[in-house]
Number of protein chains: 4
Amino acid sequence: MIIVMQSRATDEQVHAVERRIKDLGLKPHVSRGEFRTIIGAIGDESLLREEFFAALDGVDSVMPIMKPYKLASRDFHAEDTVIPLGGLKIGGKTITVVAGPCSIENEAQFRETATAVRNAGAAMIRGGAFKPRTSPYSFQGLGEEGLRILQAVGRQVGLPTVTEVMDVRDLDAVARYADVLQVGARNMQNFRLLTEIGHLRKPVLLKRNPAATIEEFLMSAEYILSEGNNQIILCERGIRGFDHSTRYTLDLSAVPNIQGVSHLPVFVDPSHATGRRELVAPMALAAVAAGAQGVMVEVHPHPDKAMSDGPQQLTPDAFALMMRELAMIATAVGRQLHKPK
Amino acid sequence: MIIVMQSRATDEQVHAVERRIKDLGLKPHVSRGEFRTIIGAIGDESLLREEFFAALDGVDSVMPIMKPYKLASRDFHAEDTVIPLGGLKIGGKTITVVAGPCSIENEAQFRETATAVRNAGAAMIRGGAFKPRTSPYSFQGLGEEGLRILQAVGRQVGLPTVTEVMDVRDLDAVARYADVLQVGARNMQNFRLLTEIGHLRKPVLLKRNPAATIEEFLMSAEYILSEGNNQIILCERGIRGFDHSTRYTLDLSAVPNIQGVSHLPVFVDPSHATGRRELVAPMALAAVAAGAQGVMVEVHPHPDKAMSDGPQQLTPDAFALMMRELAMIATAVGRQLHKPK
Amino acid sequence: MIIVMQSRATDEQVHAVERRIKDLGLKPHVSRGEFRTIIGAIGDESLLREEFFAALDGVDSVMPIMKPYKLASRDFHAEDTVIPLGGLKIGGKTITVVAGPCSIENEAQFRETATAVRNAGAAMIRGGAFKPRTSPYSFQGLGEEGLRILQAVGRQVGLPTVTEVMDVRDLDAVARYADVLQVGARNMQNFRLLTEIGHLRKPVLLKRNPAATIEEFLMSAEYILSEGNNQIILCERGIRGFDHSTRYTLDLSAVPNIQGVSHLPVFVDPSHATGRRELVAPMALAAVAAGAQGVMVEVHPHPDKAMSDGPQQLTPDAFALMMRELAMIATAVGRQLHKPK
Amino acid sequence: MIIVMQSRATDEQVHAVERRIKDLGLKPHVSRGEFRTIIGAIGDESLLREEFFAALDGVDSVMPIMKPYKLASRDFHAEDTVIPLGGLKIGGKTITVVAGPCSIENEAQFRETATAVRNAGAAMIRGGAFKPRTSPYSFQGLGEEGLRILQAVGRQVGLPTVTEVMDVRDLDAVARYADVLQVGARNMQNFRLLTEIGHLRKPVLLKRNPAATIEEFLMSAEYILSEGNNQIILCERGIRGFDHSTRYTLDLSAVPNIQGVSHLPVFVDPSHATGRRELVAPMALAAVAAGAQGVMVEVHPHPDKAMSDGPQQLTPDAFALMMRELAMIATAVGRQLHKPK
């Protein structure tokens, strides 16, 4: 950590910084330049916080040298993390396509969708049972009945399942019925939920909050990792932007950006990011071209009758077309879609 | 709700929209212009959702006429909501200043701070027991021990208390010890927590999420209101911005903007918004000048030794100076700081 | 245009809106709902501005039905615009790769780069002569000498050239030396420059401003189109975002989003968007997968010695590798890179 | 400047950085920590650019210690800059209110407005002659005829005038007719215009671009300062935000933030920032409470008939009311409105 003093900082203020560094068990290293005095803290920076110094008199700014996450970092774990799930390997060179309706509305609707997306090549099925809705007056999901349908249909079509957990009190139920737990964008910094999920030994799909920097996103993964669960899939799903012709702004450069600093697999959800059906396939293709290890898209047999998110759900036919294009893009970048045996 | 058809929409597509409106119990009203056909839905728009139409073929865009929130709206409740709390009246023409340390570190530190801010004129004391921290390696708060200190010191200094609840499982404990419950910015869309808090009959301080529009903020208040709890204080605490010389970007025009559409009291937290001590007082003054009904600021007897958020905490002396200036600003805008008897 | 009245609007206020609509030559159409009165203006909306109504008493909001741009719209011109330039066809199904150094530093450096990128398959060469630099103390470009080098080298390697014009006073010189004029992101709303460029009959590459909505971007194109120049290439180059690990946030969904509403070709510049060399190739591939009709990347023979933007410039070898991957992605989406005869 | 090497950087890469520092005339200072090697460049950092190092192999990140602006900095010029203009002193403890219509529409309209705002206490009048409009089909201003009216009315009411210059070719004319030149938000990085204005010896009101960081804003001021013109007023007028219930997001903490690092006077324009009349006065009061040295607001005798920006223009009566409140806020913060003799 490097502490830059103000140009008018006194010797006493410099000494106070040195003392603070020593108190914390590191070694101060003072460099007096022509314009500024700069103090380095030599040793294990993970013992430090910027705020230990920023509040001292005479300090202009504090610059951390180390990343604040450790277990999520590629410095700590150089190889790509690959998460085995049944016959599926998530991460590395394989591309995993997750598909299904926004909400599980009833067993017939979910089975129809799941069958269609499996036949088109999806490797995992998704469907919401507990739905985070902006309005208290909107459909809130079927709850545990939805979980039951999820599991039953997953077994019928022979694919693993993913669904969102919104509340620590539902964690046991969701973990019992689903193969992968999703932490939604609004819960990315629900730290108590992250900690509880860290105690499980199940894969987690962690969505990026629309206001989160990449560092904050990885710090949320660190919460889960630090409790011992390293089966984490990161999912970019759009950040808050100023152009409202799309719901969010898909931050696709986050894919190679995260992959440079972290070993965890990165997925992209173009359905929630754009909120518009006609943009989903182009952005799914772009995600794979950019190196994403998976995409998650919403599919509904009758989007115009969907109980939530109709405008962004693909029809099964549109999904099947997208899968054929995705396969070609995957080949072009030296990867391949998961092929079930 | 107004549905604008694409310029090439067919008659059949227009009919489908009309049918959908009728199915939902409203009356369609078709207007064929030179370039576009436009369909109004006459009746109770609260029965509709944009997505019921946006997913239909031939639809270009859907424009709601009514606001999606009702109980939070000034149309529903024209007068300012004033929340009584002991001798304090929150909202209306009174300005409530809430102060205290970021974290309750121990009883002595909290008592020293609480006494100082009460003497300088604060009307309520704050202090974190459960701390939402970006890093799992940062100090996470004293937990229930912190709540106990909060209550004990609150009684000693004779001021009501506010503290954050992060987890539904802590709700009973927090409600038992604190006078006002805070929902933090990261939990603004933790809908299950909002629903549970709606069942209580205690004041809630609801912070705006850094990525939330004002409409989304009011929809979160609506979750609480729709369960019967109308003692809600809204708190602007900075939105995510692109200039990192401050932690967040304080959106001060949100104050008169919200007050125009909602009856709920609006507070401002300049400490978290700016993250820099020297900007706190100017922005607190600006908040009151803009019409805020309260400000919440962090105060610590020794900010350079604080266990969290040192750089943004005021010393008791700086706080006392700010209070004198605030009183003058309040008078200038025809309001006044709460005066304890 | 639809004018929504406030819930308490008086009859007189409704009449005032009707009169205003008639004064402007359109027909008012009043619909009194249960909660609100809504007034449609039937006729040529291009005669209206929202502000003609928003300032009237009793008006709650004004919703335009038509897009504010006309000539840039696909409603006006359904087919993709294809711009012929020598043997090159820009737009439609062809993918055009533009490459070259950030700045033209001297003839040898530019010739070396231009030769290398041509050999690797670039269809056009770029190089800055007038450089918009944030700091007055940074290298500002070679000026007219740079233009001379641009033209000379362009002829030697047999490729068309593009360079930025920053000032109306340089327009004649730039138009004389270069084949395509670039309007930089900072000048996207330099309306006087746009108007002058509209008088030319040369292709223009118009970059999106980092704060511009897509509608504002197309309105800037409309300035050029309305003066008679329809040879416009739109270029997404990153919007202002909150995560500073990249320079800007590449808004890749802008590509299919713009292509849905406009007929103009859309390019992507991943070099300026990301500011980091290792992210350029992944985002160039993603751009083509998303449907972009061109990419523009910075290449320098010795990026570590570049006089500007070194960290984001590719080496010629890295560029050649990217070109091979781009060709495969283009094939995967049914398009192809421009092939010189 | 501090250069942080990657954890796996080789000795040769470290040496290359050292050589580069020496070549640039500074002294390298290498510190090998447990995890990283860090290299400081001791000497005059203004000779360096981050990009000189960021492009070198093995470099992780580059951290400047000095601010990139010099003449605009309070380190260079500790006292507040006060700009004399006739009897007016802009900056320091005086608060200057600038008012007038968005556009000068004709002499009668401008004279009526100017007289009204002078009588209510405005210290300067504004009015647009050259209007930057998003749409080529909107009213573009009266041009030089508008400048003539501006000057004539300014003399009649006895107040200095400010108007925008959009084009270097208009600079002589605008400088001849107006007392203060305005550089609009869209031209904040029109570097050629800034340079030309730097050659004048007239006050300039420089508006912040909606996507500009505070550092970029001050770099634009530096362009003008570095040419010898130090009569610069900085004006915050809203940044691009995600909530579209206001036109822009007023970044009010920019006022004390800029005043901490720069000596230049800071104004606020709440009219363009909010775009809504009812938010103008609250935000003007807040601006002065936050320490702004001036506010600029739009006033029109008949906002509902204005040729531009009607919804955000105050009536003369509303302006007069705001002035009375502003005077009280100014007193509360120990400042005062300019009082003409």
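Here is how names work: the chains are called A, B, and so on, in the same order as the sequence lines, proteins then strands, and each is numbered from 1.
Here the CG atom belonging to C:Leu321 is positioned 9.5 Å from the CG atom belonging to C:Leu314, to the nearest 0.5 angstrom.
With chain A as the partner, the residue from C:Gly260, C:Gly291, C:Ala290 showing the most heavy-atom pairs under 4.5 Å is C:Ala290. Note: C:Ile214 leads C:Leu250, C:Val333, C:Ile214, C:Val288 in heavy-atom pairs under 4.5 Å with chain A.
The side-chain heavy atoms of C:Val98 and C:Val295, taken from C-beta on, include no pair separated by under 4.5 Å. The shortest side-chain heavy-atom distance between A:Val297 and A:Pro270 falls under the 4.5 Å cut-off. Using a 4.5 Å heavy-atom threshold, the side chains of A:Pro265 and A:Leu234 count as separate. Side chains of A:Leu205 and A:Phe267 form a contact here, defined as non-hydrogen atoms less than 4.5 Å apart. For the pair A:Leu252/A:Val268, a side-chain contact is recorded, criterion being any heavy-atom separation below 4.5 Å from C-beta on.
Scanning for side chain to side chain contact (heavy atoms under 4.5 Å, CB included) contacts around A:Ala120 gives A:Phe319, A:Ala320, A:Met323, with sequence neighbours left out.
The part of C:Ala212 that comes within reach of chain A is its backbone (N, CA, C, O), which places non-hydrogen atoms under 4.5 angstrom from that chain.
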Between chain A and chain C, which N and O donor-acceptor pairs fall under 3.5 Å? A table would be great.
residue: A:Ile214; atom: N; partner: C:Asp243; partner atom: OD2; Å: 2.6
residue: A:Asp243; atom: OD2; partner: C:Ile214; partner atom: N; Å: 2.6
residue: A:Ser245; atom: OG; partner: C:Asn257; partner atom: ND2; Å: 3.0
residue: A:Asn257; atom: OD1; partner: C:Arg276; partner atom: NH1; Å: 3.0
residue: A:Asn257; atom: ND2; partner: C:Ser245; partner atom: OG; Å: 3.0
residue: A:Arg276; atom: NH1; partner: C:Asn257; partner atom: OD1; Å: 3.0

